[in-house]
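Reckoned from all heavy atoms, side chains included, excluding hydrogens, waters and symmetry mates. Chain A is the first sequence line, chain B the second, and so forth, proteins listed ahead of strands; every chain is numbered from 1.
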Amino acid sequence: GDSVTQMEGPVTLSEEAFLTINCTYTATGYPSLFWYVQYPGEGLQLLLKATKADDKGSNKGFEATYRKETTSFHLEKGSVQVSDSAVYFCALKASGTASKLTFGTGTRLQVTL
Amino acid sequence: GAGVSQSPRYKVAKRGQDVALRCDPISGHVSLFWYQQALGQGPEFLTYFQNEAQLDKSGLPSDRFFAERPEGSVSTLKIQRTQQEDSAVYLCASSLATGGPSEKLFFGSGTQLSVL
């Protein structure tokens with residue numbers, strides 16, 4: 001079945017450091033890929049998405065590129081801020097289905113001054 | 001406008017009790033989903049409604065779990081004879097459309113269920 005694997009956390013960085021959170025997936029066909037973020041005490045929010053190979057999703061300084069050859073969708077940000085501290089979830093939506101998402105286990109990011 | 005609203009925010013139940021969790025989706029949203037999120041894990045799909053029709057219930061873990069959306073708006077997830085393994089955060093999500101590749105889901109803050 002479909003699955004998403006992402007790096008375990010927590011990831012602890014100093015403010016202005018470079019961020020990478022790895023995500024790889026297993027799916028048949030051509031899934032859509034997503035990053036969701038969960039800030040403390042809040043619901044999951046869509047951060048960015050990509051629907052086909054080589055697409056780059058971007059939002060709030062975060063970006064991720066859909067790499068079909070490596071089945072990856074790594075999340076990056078050039079300079080993190082304390083306000084980016086949250087849990088980040090990689091997810092996929094299989095092609096041809098209603099919006100049932102398959103999530104990874106989440107990666108907690110802690111950014112310190 | 002208002003987002004997806006879930007109630008109660010926290011629920012404590014004794015093992016064997018029945019519980020009902022409520023979801024108010026964003027007005028006009030056709031699709032509604034329930035997910036279960038165990039501690040330290042990602043959300044796992046439970047069930048999906050398109051308007052009042054339950055189109056996919058493949059994720060419901062047992063026949064103790066039941067969901068309904070009788071008028072195509074508010075939804076209730078019911079768990080009968082709760083067990084300790086049911087302890088989790090139950091998330092509701094809604095979306096405007098019925099399943100394009102980039103369709104955006106809006107999540108509620110969840111109901112944290114603790115079964116003692």
Asks: Using the rule that two of Ile, Leu, Val, Met, Phe, Trp, Tyr join whenever any of their side-chain heavy atoms come within less than 4.5 Å, decide whether B:Phe33 and B:Ile79 are in one cluster.
Replies: no
Asks: Please answer: with hydrophobic residues joined when any side-chain heavy atoms are less than 4.5 Å apart, are B:Leu46 and B:Leu21 in the same cluster?
Replies: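 Same hydrophobic cluster.
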Asks: Would A:Val37 and B:Val4 show up in the same hydrophobic cluster when neighbours are defined by side-chain heavy atoms closer than 4.5 Å?
Replies: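 Hydrophobic grouping puts A:Val37 apart from B:Val4.
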Asks: Looking at B:Glu85, I'd like to know if its CD atom is crowded, meaning that more than 12 non-hydrogen atoms belonging to other residues, nucleotides or ligands lie closer than 6.0 Å.
Replies: yes
Asks: I need the minimum non-hydrogen distance between A:Gly41 and B:Ser109, along with the two atoms involved.
Replies: O-OG, 4.3 Å
Asks: Could you go through B:Tyr35 and A:Phe103, starting from their C-alpha distance and side-chain angles, then the distance that decides it, and tell me whether this counts as side-chain contact (heavy atoms from CB on, under 4.5 Å)?
Replies: CA-CA 10 Å; B:Tyr35 287 83; A:Phe103 287 88; 3.9 Å; yes
Asks: Would you say B:Leu91 ends up clustered with A:Phe34 if hydrophobic residues are merged whenever their side chains have heavy atoms under 4.5 Å apart, either directly or through other cluster members?
Replies: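 They do share one cluster, since a chain of ILVMFWY contacts under 4.5 Å joins A:Phe34 to B:Leu91.
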Asks: Can you confirm whether more than 12 heavy atoms, excluding those of A:Tyr30, are under 6.0 Å from its OH atom?
Replies: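 At most 12 heavy atoms, drawn from other residues, nucleotides or ligands, come within 6.0 Å of this atom.
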Asks: Can you measure from OH (B:Tyr48) to CG (A:Leu101) and round to the nearest 0.5 angstrom?
Replies: 12.0 Å
Asks: Taking 4.5 Å as the heavy-atom cut-off, does anything in residues 52-66 of chain B contact chain A, and if so which residues?
Replies: B:Asp56, B:Ser58
Asks: Please say whether more than 12 non-hydrogen atoms of neighbouring residues, nucleotides or ligands are located less than 6.0 Å from CG in B:Leu39.
Replies: no
Asks: Near B:Gln17 CD, under 6.0 Å, is it more than 12 heavy atoms from other residues, nucleotides or ligands?
Replies: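 Result for CD/B:Gln17: enclosed.
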Asks: Provide the closest heavy-atom pair for B:Gln37 versus A:Phe89 in the form atom of the first, atom of the second, distance.
Replies: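 Closest approach of B:Gln37 to A:Phe89, heavy atoms only: NE2-CZ, 3.3 Å.
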Asks: Looking at B:Gly110, B:Ala93, B:Gly42, which makes the most heavy-atom pairs under 4.5 Å with chain A?
Replies: B:Gly42
Asks: Side chain from CB out, backbone as N, CA, C, O: work out which of these in A:Gln6 comes under 4.5 Å of a heavy atom of chain B, or both, or neither.
Replies: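 Neither part.
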Asks: Flag yes if A:Ile21 and A:Leu33 sit in one hydrophobic cluster, no otherwise; membership is Ile, Leu, Val, Met, Phe, Trp, Tyr, and two members link when side-chain heavy atoms are under 4.5 Å apart.
Replies: yes
Asks: According to salt bridge (charged side-chain N to carboxylate O under 4.0 Å, His left out), who are the partners of A:Glu16, at least two apart in sequence or on a separate chain?
Replies: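 Salt bridge (charged side-chain N to carboxylate O under 4.0 Å, His left out) list for A:Glu16, sorted by chain: empty.
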Asks: Mind running side-chain contact (heavy atoms from CB on, under 4.5 Å) on A:Tyr36 and B:Leu105 for me, showing each step along the way?
Replies: CA-CA 10 Å; A:Tyr36 277 80; B:Leu105 294 189; 3.6 Å; yes
Asks: How far apart are the C-alpha atoms of A:Leu46 and B:Phe106, what are their side-chain angles, what is the distance that settles it, and do they pass the side-chain contact (heavy atoms from CB on, under 4.5 Å) test?
Replies: CA-CA 8 Å; A:Leu46 178 64; B:Phe106 294 82; over 6 Å; no
